[in-house]
Amino acid sequence: MGNVAKVLNRDKYLLLLILPVLLYYLIFHYIPMYGIIIAFKNFKPLKGILGSAWVGFQYFETFFNSVYFWRLMKNTVLLSLYSLLWGFPVPIMFALLLNEVREGMFKKSVQTISYLPHFISIVVIVGMITNFTTVNGGIVNTVITWFGFAPINFLSESSWFRDIFISSSIWQGFGWNSIIYLAAIAGIDAQLYEAAEMDGANRLHKMWHITLPGLVPTIVILLILSVGNLMDVGFEKINLLYNPTTYETADVISTYVYRQGIQSADYSYTTAIGLFNNIINLILLVTVNRISKKVSETSLW
């Protein structure tokens with residue numbers, strides 16, 4: 001106990017710095033977990049959580065037998081997988097290429113421009129997408145008509161939703177996501193590059209044999225985290241972009257939970273769906289972390 005008190009006294013100011021973060025997670029993430037039990041109850045607001053009757057796994061069974069179950073699972077998994085497949089490598093390639101730029105002013109300008117979309121509101125992004133793809137006067141359809149093709153109502157055709165969602169997400173996030181890779185590149189020992197140059201390696205060789213291997217631990221950690229959030233697709237953008245005509249490819253678990261839970265007030269049912277979704281994420285995270293630990297010896301724990 002004496003050692004603990006000594007450490008607390010020594011690091012009291014550092015502990016005070018992390019106190020707001022701890023309080024945030026405690027208040028907004030851990031205490032609300034108490035509400036998870038309504039997934040197993042027929043929750044009635046007037047009776048409260050403890051006063052509502054237990055129903056066991058009834059709402060889970062209802063969801064699994066729902067006509068929407070497979071559509072929601074398919075859309076959620078496909079949107080996440082496509083976003084991971086196409087979006088995950090882009091910041092890595094951008095960081096590798098930007099690292100090879102020697103002109104300081106040009107490099108800083110490119111970095112700044114690439115970061116800007118990250119700070120644009122989702123509402124503004126969706127507004128831009130709507131204006132660019134509108135049939136009457138949208139820049140995309142204007143270009144299409146220049147080449148003699150008929151204009152396309154992109155936001156009303158389900159076949160285009162995934163392309164629009166994924167491409168806009170990549171554009172908005174690749175610059176910001178490259179920061180961590182650029183930081184990892186900055187931490188690579190410069191002597192490795194000097195030794196490679198003495199051995200006759202050109203810039204491509206150094207990128208392939210030094211820079212990229214130096215990024216592997218960072219890439220693996222971020223990939224594990226990305227897979228751990230595979231079932232969490234961007235709700236805000238989908239909710240603003242989709243409409244009943246695109247539900248076939250756009251409706252995901254989070255948007256369905258919003259419609260059923262907030263708009264229809266079916267709290268127990270949607271809590272069960274959310275709990276199922278989070279359990280899948282946890283299983284994916286633990287599984288990928290374990291595989292990574294065996295294959296590359298890099299893991300979160």
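These numbers come from the heavy atoms of this one structure, side chains and all, not from hydrogens, waters or symmetry mates.
Note on L223 and L225: same hydrophobic cluster, where clusters join Ile, Leu, Val, Met, Phe, Trp and Tyr whose side-chain heavy atoms are under 4.5 Å apart, directly or indirectly. Taken together through direct or relayed side-chain contacts under 4.5 Å among Ile, Leu, Val, Met, Phe, Trp and Tyr, V233 and I129 form part of one hydrophobic cluster. I262 and I273 end up in different hydrophobic clusters when Ile, Leu, Val, Met, Phe, Trp and Tyr side chains are linked at under 4.5 Å. Taken together through direct or relayed side-chain contacts under 4.5 Å among Ile, Leu, Val, Met, Phe, Trp and Tyr, L222 and L285 form part of one hydrophobic cluster. Under the 4.5 Å side-chain heavy-atom criterion for ILVMFWY residues, a single connected hydrophobic cluster contains both F57 and I36.
For D199 (side chain) and A201 (main-chain N/O), no donor-acceptor pair under 3.5 Å exists by modelled atom type. The closest donor-acceptor contact from the side chain of S268 to the backbone of I38 lies under 3.5 Å. With K206 contributing its side chain and R203 its backbone, the two residues share no donor-acceptor pair below 3.5 Å. Checking side-chain atoms of T255 against main-chain N and O of V252 turns up a donor-acceptor pair under 3.5 Å. Counting only distance, with no hydrogens or angles, the side chain of N42 and the backbone of A53 share no donor-acceptor pair below 3.5 Å. At least one donor-acceptor pair closer than 3.5 Å links the side chain of S169 to the backbone N or O of F165. With hydrogens and angles ignored, the 3.5 Å screen pairs no side-chain donor or acceptor of D266 with any backbone N or O of G261. Here the side chain of T76 pairs no donor or acceptor atom with the backbone of M73 at under 3.5 angstrom. Listed for the N239 side chain is no donor-acceptor partner under 3.5 Å among the backbone atoms of F235. In this structure a side-chain-to-backbone donor-acceptor pair under 3.5 Å is missing from D11 to L14.
A 4.5 Å side-chain heavy-atom check between V135 and F154 finds every atom pair outside the cut-off. Put simply, the side chain of I238 reaches to within 4.5 Å of the side chain of L79, judged on heavy atoms. Here the side chains of I219 and F88 are in contact, with some heavy-atom distance below 4.5 Å. Residues Y181 and L98 have side chains not in contact (no heavy-atom distance under 4.5 Å, counting atoms from C-beta outward). Contact annotation: the side chain of I144 never approaches that of P151 to less than 4.5 Å [non-hydrogen atoms, C-beta and beyond]. Taking the side chain as every heavy atom from C-beta outward, K294 and R290 approach each other to under 4.5 Å. Looking at I27 and Y24, their side chains never come closer than 4.5 Å, going by heavy atoms from C-beta outward. F161 is not listed as a side-chain neighbour of L155, based on a closest heavy-atom distance of 4.5 Å or more.
Checked by atom type, the side-chain pair N229/N281 shows no donor-acceptor distance below 3.5 Å. K74 and T249 are not linked by any side-chain donor-acceptor pair at a separation below 3.5 angstrom, with hydrogens and angles left out of the test. For the residue pair N141/N153, the side-chain donor-acceptor check at 3.5 Å is not satisfied. No side-chain N or O of D163 forms a donor-acceptor pair with one of S167 less than 3.5 Å apart.
Atom CH2 of W54 has more than 12 heavy atoms from other residues, nucleotides or ligands within 6.0 Å. Under a cut-off of 6.0 angstrom, the local environment of CD1 in I139 is sparse, with at most 12 non-hydrogen atoms contributed by other residues, nucleotides or ligands. Other residues, nucleotides and ligands contribute at most 12 non-hydrogen atoms within 6.0 Å of the CD1 atom of I180. Residue-environment remark: CD (Q263) exceeds the threshold of 12 foreign heavy atoms within 6.0 Å. The neighbour count for F119 CZ, taken as heavy atoms of other residues, nucleotides or ligands under 6.0 Å away, is above 12. The number of heavy-atom neighbours closer than 6.0 Å to CH2 of W171, taken from other residues, nucleotides and ligands shown, is above 12. Within a 6.0 Å sphere centred on CE of M198, other residues, nucleotides and ligands contribute 12 heavy atoms or fewer.
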| task | Quick one: do V227 and L84 satisfy side-chain contact (heavy atoms from CB on, under 4.5 Å)? Show the steps, please. | result | CA-CA 8 Å; V227 174; L84 188 64; 4.0 Å; yes
Item to complete: Apply the test side-chain contact (heavy atoms from CB on, under 4.5 Å) to residues V77 and M231: give CA-CA distance (whole Å), side-chain angles for both, the deciding distance (0.1 Å), then the verdict.
Response: CA-CA 6 Å; V77 171; M231 301 295 289; 4.1 Å; yes
Q) Could you go step by step and tell me if V143 and W146 meet the side-chain contact (heavy atoms from CB on, under 4.5 Å) rule? A) CA-CA 5 Å; V143 173; W146 283 350; 4.2 Å; yes
Apply ring pair (Phe, Tyr, Trp, His ring centres under 6.0 Å) to Y247 and Y242, showing your working. CA-CA 7 Å; Y247 278 0; Y242 82 156; 5.0 Å; yes
Ring pair (Phe, Tyr, Trp, His ring centres under 6.0 Å) assessment of F63 paired with F69:
CA-CA 6 Å; F63 178 57; F69 175 74; 5.1 Å; yes
field: Steps toward side-chain contact (heavy atoms from CB on, under 4.5 Å) verdict (L215, L96)
entry: CA-CA 10 Å; L215 285 177; L96 288 171; 3.8 Å; yes
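In this structure, R162 CZ and L81 CG are separated by 10.5 Å, a value rounded to the nearest 0.5 Å. Within the model, atoms CD of Q172 and CE of M128 stand 9.5 Å from one another, a figure rounded to the nearest 0.5 Å. Atom CZ of R102 sits about 6.5 Å away from atom CG of N99, to the nearest 0.5 Å. Atom OH of Y256 sits about 8.5 Å away from atom OG of S264, to the nearest 0.5 Å. In this structure, Q111 CD and K108 NZ are separated by 9.0 Å, a value rounded to the nearest 0.5 Å. Atom CE of M93 and atom CG of L212 lie 11.5 Å apart (nearest 0.5 Å).
Heavy-atom minimum distance, T270 versus Q260: CG2-CB, 3.4 Å. The heavy-atom pair separating K107 from V101 by the smallest distance is CD-O, 3.7 Å. Here the closest non-hydrogen pair linking G35 and I49 is CA-CD1, 4.2 Å. Heavy atoms only, all atoms of each residue included: D232 and N277 are closest at OD1-ND2, 3.2 Å. Minimum interatomic distance between S178 and P91 (heavy atoms only, all atoms of both residues): CB-O, 3.6 Å. When every heavy atom of M207 is checked against every heavy atom of P213, the shortest pair comes out as O-CD, 4.4 Å.
When S114, P117, P89 are each tested for a side-chain contact (heavy atoms from CB on, under 4.5 Å) with F174, only one passes: S114.
Under the 30°/60° scheme for interplanar angles, the aromatic rings of Y269 and Y59 are found to be tilted. Relative ring orientation between F43 and Y267 is described as perpendicular, the plane-to-plane angle rising above 60° on a 0-90° scale split at 30° and 60°. Aromatic ring orientation, W176 versus Y115: perpendicular (interplanar angle above 60°, classes split at 30° and 60°).
For an aromatic pair to be called close, the ring centres must be under 6.0 Å apart, and F276 with F64 satisfies this.
One finds no salt bridge joining R71 and E248 here, because no Lys/Arg side-chain nitrogen approaches an Asp/Glu carboxylate oxygen to under 4.0 Å.
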